[in-house]
Amino acid sequence: MTVAEIIVDVPTMQTNRPFEYSIPEALNDVVVPGMRVEVPFGRGKRKIQGFVMKTKDQSDFKGKLKPISRVIDLKPVLSNEMLQLSYWLADKTYSFQISCLQTMLPSVMRAKYKQYAIPLDKTDPEVLNLFQGQATFEITNSLTDSQIRLINRLRKNEKIDLRYVVENKAQQIKRQAVMTDLNIIQLHEAKNELRGNAKSQVKLLDFLIQHLNDLPVEMSELQKNFGIARSAIKTAEKNKLLKIVEVTKLRKPEGINPEKTTKLELTDEQQVAVDQIGQAISREQPETFLIEGVTGSGKTEVYLQTIEKALQQDKTALMLVPEISLTPQMVNRVVGRFGNQVAVLHSGLSSGERYDEWTRIENGDVKVVVGARSAVFAPLQRIGLIIIDEEHEASYKQDDNPRYNARDVALWRSKVNHCPVVLGSATPSLESRARAEKGVYHLIRMKKRINNQNLPHVQIVDMRDAENSSIKGDFSPVLKNNLQATLENHDQAIILLNRRGYSSFMMCRECGFVLKCPNCDVSLTYHKDLGKMKCHYCGHEEPVPNSCPNCRSKKIGFYGTGTQNIEQQLNDLFPEARVLRMDVDTTRRKGAHAKILQKFGSHQADILLGTQMIAKGLDFPDVTLVGVINADTTLSLADFRASERTFQLLTQVSGRAGRAKKTGRVVIQTFNPDHYAIKDAAKQDYETFFKQEMYLRHQSNYTPYYFTTLISVANKDEGQTLKQSYWLKKQLQTALSKDAILLGPSPTMISRKQNKYYYQIIVKYKHEPKLHDKLLEILNETQADAKKGFTIAIDNEPQHID
DNA sequence: AGCACGCCGACT
DNA sequence: GTCGGCGTGCTC
């Protein structure tokens, strides 16, 4: 093979295709598809990273090929499966192939580019002045305009040159370790031949004899734990008793070493599920199962036992979990069952740790991978089963490029790997449930909670009625009384604040002025810990005003309910109760999330107060009360999934109550007590909700009856944004049939973010064969405008429209 | 992205 | 005249 097709690391539309390079003779058998290489690109001496997609003997290119500069990897980092996946993914998400290839790999494997200046004419006074005695310096964006001008001029005059460096940050920690080629008999002989006073050597040989199976052992460990000095090792090396080798040390994320757990006994429903899925694993067919199991029905145990079935057949398993459910509780359960055959990919890992876990998987040291969205690209071989827990979660969709949905990627991989996919949820997405209805997926229903626990008793509190409309704070008498009783029983409670648009902002009672972000079209929210007003979109901060900036009135104050405010109310109502607050502010620090949950789990607090993040998968036996402060804030969103999201959230959080012997109580406060999403959630009645919601989706032509694609346009100038939007709509109309529905352009919910205006167009359609190519064409045509600050984003099957 | 080429206006 | 501004187009 003398020619390689390479996708270069230049994310633009014009370079979104393979470029051909010649393979130097020295690298003849080395360069293979899936490998990263360094190549020259462009007219200058610029060097960039690229991915080898194909090798061949004949070039289709008319010009002269440049040679590959060097290989970055010794073996391919992407399997053939992943290379194929990248084509499909790029096409499906309208993104650059290079972006797709990069998202499949740990972030440290993304190349870093640096430029250095080197002097050519070392006598030139300007050059001497520029370098200040330094042999070289890095070109960074901290250089001033005049410095850049000078560098450009000197370069044109060939007084200086630029050197391009492609850096590979992915490096494992290398350590020196001790190894021996001698066998046990030879070691004993060598020991006997030693002089009597060679005490260290005896000790060293004893160590080798004892730990022969554990070699290589790191030198530092020998020194630290066995008191064998470096000099002794060197002597032994000289005498050919051992060898010093380099080993790569994989950073093993520290912490949890859970106790070994064993299989739990299955209920009849669980057994049916495990059997069905187990058979599909043996059949090696890409079938999809949807487990619709009420909260507490024991889905996790089904996952674990089906994973075991895959392992028994010498296959591997991939399990996806939403990031917020990736709690120590959950991880312990999996690691406890399968031990060190498990790799966990969660956001708490440092980039180095993540890379090392990736390496373990890639090496085949791992049989089970558990992780959030991006774990769907785990380099597992022989996948026998893919599980997606909390299948309905919006976080499986990445909300920037490439906008992929891990669920779709999983389905793609299941076809290539001939393995089943299991989607599990108490509240499946309408799409998945509808597919099950049509027989595309196998539906497995689990209607009973394990140990036949009762479903929690749910009470809906109408906040509009006489008793509640006049209360001062946010706690209705019903919720207050329930909290009181819970505290008296020494049980625990969870209070959910449905966050969207519900944090405290400042408003003037005199003139109605609301303190807003100067860059974004949103009100600033108060952060008690900072004592400042802050924008959630751009991070803008300003001090709390003590008079209204508009009318100078002193009557400016806080409105709305943030978690901090609720916490204060709880403290006032129940001074003796210990309250833990969990929200973006208290969980920002690494590991803080886990720490709070651990604290609550060990009953060091009575009330856990938080936003969505407390609704998922937590299992605390002492929790007997769940209170929802404002059930309906998600309902008022202009999003067609608003009801679905509200239903899911309420059902999930209600499921947190009464998970052990004790029966749980749930109090839902709402201004829409008759809304079907709230009523059905209270009854944990998914099927009724499903029918009602499907009817409404049908009426308004939305998913799952129609496909949706969202195209958004952003620009600094609002008029220009609108102009571009209408042009876009016209373009789309030429490619669409009469059956397609085109909505917009309309401003997004927050129409201005970081001083850019956002408009969007929604296409709803059933079958539009020309749409895909038209969108690609539009992307091509608007590429040039990107430099002028226009951005067009295409979101295939968006999760939220806002 | 980064670079070259080319065309235009305002300076020694 | 020429320096340097930016708009355009290409990169195997």
Side-chain angles (χ1 to χ4, degrees), chain A residues 1-25 27-28 31-33 35-72 83 90 95-103 110-118 120 126 138-167 400-402 715-716 720 779-792:
Chain A
M1 299 289 171
T2 54
V3 178
E5 284 187 12
I6 290 171
I7 296 287
V8 292
D9 184 9
V10 182
T12 63
M13 215 61 215
Q14 299 97 323
T15 51
N16 192 25
R17 59 184 175 87
F19 284 77
E20 292 184 359
Y21 285 86
S22 63
I23 301 173
E25 209 145 309
L27 296 175
N28 204 301
V31 174
V32 289
M35 209 174 243
R36 293 177 303 160
V37 291
E38 186 180 305
V39 291
F41 192 72
R43 278 175 263 235
K45 293 169 196 173
R46 187 180 170 207
K47 293 263 173 77
I48 56 170
Q49 194 186 68
F51 286 84
V52 179
M53 301 303 286
K54 266 186 204 149
T55 56
K56 53 189 185 181
D57 277 315
Q58 211 65 51
S59 168
D60 304 322
F61 183 61
K62 291 177 196 70
K64 191 169 157 31
L65 297 186
K66 288 183 183 177
I68 290 172
S69 306
R70 67 180 180 102
V71 293
I72 294 173
L83 293 180
S95 31
F96 307 124
Q97 202 167 357
I98 187 66
S99 316
C100 294
L101 292 164
Q102 307 212 102
T103 43
R110 193 163 302 184
K112 297 270 185 301
Y113 299 103
K114 284 186 173 173
Q115 284 183 50
Y116 292 94
I118 44 175
L120 293 177
E126 272 186 314
E138 193 187 333
I139 313 275
T140 63
N141 43 9
S142 64
L143 293 174
T144 62
D145 283 0
S146 63
Q147 279 172 311
I148 290 173
R149 257 195 299 272
L150 176 66
I151 289 166
N152 279 331
R153 206 183 68 232
L154 289 173
R155 194 153 65 107
K156 237 175 221 161
N157 301 336
E158 299 189 329
K159 304 262 190 207
I160 66 168
D161 201 4
L162 295 185
R163 210 179 55 202
Y164 297 80
V165 178
V166 181
E167 260 176 31
D400 43 53
N401 278 323
N715 185 247
K716 284 208 164 49
Q720 289 293 306
L779 271 184
N780 260 315
E781 278 181 49
T782 51
Q783 167 75 30
D785 301 335
K787 282 182 183 165
K788 294 178 205 155
F790 270 117
T791 28
I792 282 188

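Reminder, nothing fancy here: chain letters follow the sequence lines and each chain counts from 1. Both backbone and side-chain heavy atoms feed into the values below; hydrogens, waters and symmetry mates do not.
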| Only one of A/V52, A/V3, A/I6 forms a side chain to side chain contact (heavy atoms under 4.5 Å, CB included) with A/Y21, so which one is it? |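 Checked A/V52, A/V3, A/I6 against A/Y21; only one passes side chain to side chain contact (heavy atoms under 4.5 Å, CB included): A/I6.
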Between [N] ([atom2]) and [X] ([atom1]): distance, integer Å:
X	N	atom1	atom2	result
A/Q783	C/dC10	CD	C1'	13 Å
A/F96	C/dT11	CZ	P	18 Å
A/Q115	B/dA1	CD	P	14 Å
A/R46	B/dA4	CZ	P	12 Å
A/K156	B/dA4	NZ	P	8 Å
A/N152	B/dG2	CG	C1'	11 Å
A/I23	C/dC12	CD1	C1'	13 Å
A/I48	C/dC12	CD1	C1'	10 Å

Side chain proximity check, [X] to [Y], heavy atoms < 4.5 angstrom:
X	Y	result
A/F790	A/Q720	yes
A/K66	A/V39	no
A/K54	A/P18	no
A/L150	A/R153	yes

| Of the residues in residues 55-69 of chain A, which ones touch DNA chain C at a heavy-atom distance under 4.0 Å? |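 Residues of residues 55-69 of chain A that come under 4.0 Å of DNA chain C are, in numerical order, A/F61, A/K64, A/L65, A/K66.
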| Closest to the A/R149 side chain: C/dG5, C/dC12, B/dA1? |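 From the listed options, C/dG5 comes nearest.
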| task | Would you indicate, yes or no, if B/dC5 has its OP1 or OP2 atom less than 4.0 angstrom from a side-chain nitrogen or oxygen of A/R43? | result |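 The answer is no; no side-chain N or O of A/R43 sits under 4.0 Å from OP1 or OP2.
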| field | For the student: nearest non-hydrogen atoms of A/L120 and A/I160, plus distance | value |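 Heavy atoms only, the tightest pair is CD1-O, 3.6 Å.
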| Where A/M1 and A/I23 come nearest, the two heavy atoms and their spacing |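 That closest heavy-atom pairing would be O-CD1, 3.8 Å.
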| said: Under 4.0 Å, heavy atoms only, any strand: does A/F41 hit a base, just the sugar-phosphate, or nothing? | reply: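 Answer is base: heavy atoms of A/F41 come under 4.0 Å of a base.
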